[in-house]
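See below for the structure under consideration.
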Amino acid sequence: AQSVSQHNHHVILSEAASLELGCNYSYGGTVNLFWYVQYPGQHLQLLLKYFSGDPLVKGIKGFEAEFIKSKFSFNLRKPSVQWSDTAEYFCAVNAQAAAGNKLTFGGGTRVLVKP
Amino acid sequence: ETGVTQTPRHLVMGMTNKKSLKCEQHLGHNAMYWYKQSAKKPLELMFVYNFKEQTENNSVPSRFSPECPNSSHLFLHLHTLQPEDSALYLCASSQSSGGTANNEQFFGPGTRLTVL
């Protein structure tokens with residue numbers, strides 16, 4: 001069975017700092033990879049996704065993620081965070097060999113950006 | 001109304017109660033999902049429906065009973081729950097239940113359930 005791990009449960013940083021959130025998955029086959037974000041009081045929404053092609057994926061709000069197949073990783077980055085990036089971030093994986101669109105989520109990382 | 005809506009947003013129930021959670025999607029999607037988010041645990045997929053047919057039951061106890069009368073509505077009927085069932089229950093929808101490139105799942109705000 002596939003699993004997803006996010007290394008940091010909580011991250012606190014100041015505005016303009018760079019952010020990198022780790023995500024590793026365990027599945028030997030082809031995967032689709034996602035980062036979702038949940039802002040305080042709001043729905044989970046898709047930040048970016050990788051299906052194929054360029055392993056460096058750009059998403060909304062200046063976020064990007066890099067798929068490194070050899071490391072089973074899909075780390076999320078933003079070069080300069082803003083206070084409005086305070087949210088919880090979830091990595092998710094869908095194993096393509098699995099029947100259908102079933103996402104396996106990591107435990108989430110709470111990010112607090114201090115103004 | 002836009003996106004995926006869920007009612008109620010908060011629910012407190014006793015172990016002997018019967019209640020239902022409702023999810024409605026206004027996106028014209030054909031697949032709907034129930035997820036459970038417990039404290040300090042990852043989001044867990046519970047059920048998947050595609051074109052009103054259940055295609056996935058992720059070993060969910062029978063005290064949770066889903067119902068999908070049409071592609072726009074999904075219910076989760078609850079009966080004789082346990083305190084450990086207290087969690088945030090999220091509904092999602094997507095165009096279909098296939099794992100294709102543009103088949104993004106859209107999530108509702110969730111129902112915060114407390115079982116006393």
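Order of the sequence lines sets the chain letters (A, B, ...), proteins ahead of strands, with each chain counted from 1. All values reported here derive from a predicted model rather than from experimental measurement.
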One should read off an interatomic distance between B:Thr5 OG1 and A:His43 NE2, to the nearest 0.5 angstrom, of 8.5 Å
Cluster link [X] to [Y], ILVMFWY, side chain under 4.5 Å:
X	Y	result
A:Trp83	A:Tyr89	no
B:Leu74	B:Leu88	no
B:Tyr35	B:Leu76	no
A:Leu47	A:Leu13	yes
B:Leu21	B:Val4	no

Tell me the residues of residues 8-16 of chain B whose non-hydrogen atoms fall below 4.5 Å from those of chain A, in number order. none
Among residues 106-116 of chain B, which residues come closer than 4.5 Å to chain A, judged by heavy atom distances? B:Phe107, B:Gly108, B:Pro109
Heavy-atom side-chain proximity of [X] to [Y] below 4.5 angstrom:
X	Y	answer
A:Thr104	B:Leu43	no
B:Gln105	A:Tyr36	yes
A:Leu103	B:Leu45	no

Heavy atoms of other groups near A:His9 NE2, more than 12 under 6.0 Å: no
Tell me whether the count of non-hydrogen atoms from other residues, nucleotides or ligands lying under 6.0 Å of CZ in B:Arg63 goes above 12. yes
Check against side chain to side chain contact (heavy atoms under 4.5 Å, CB included), B:Lys41 and A:Phe105: CA-CA 10 Å; B:Lys41 289 179 68 175; A:Phe105 281 85; over 6 Å; no
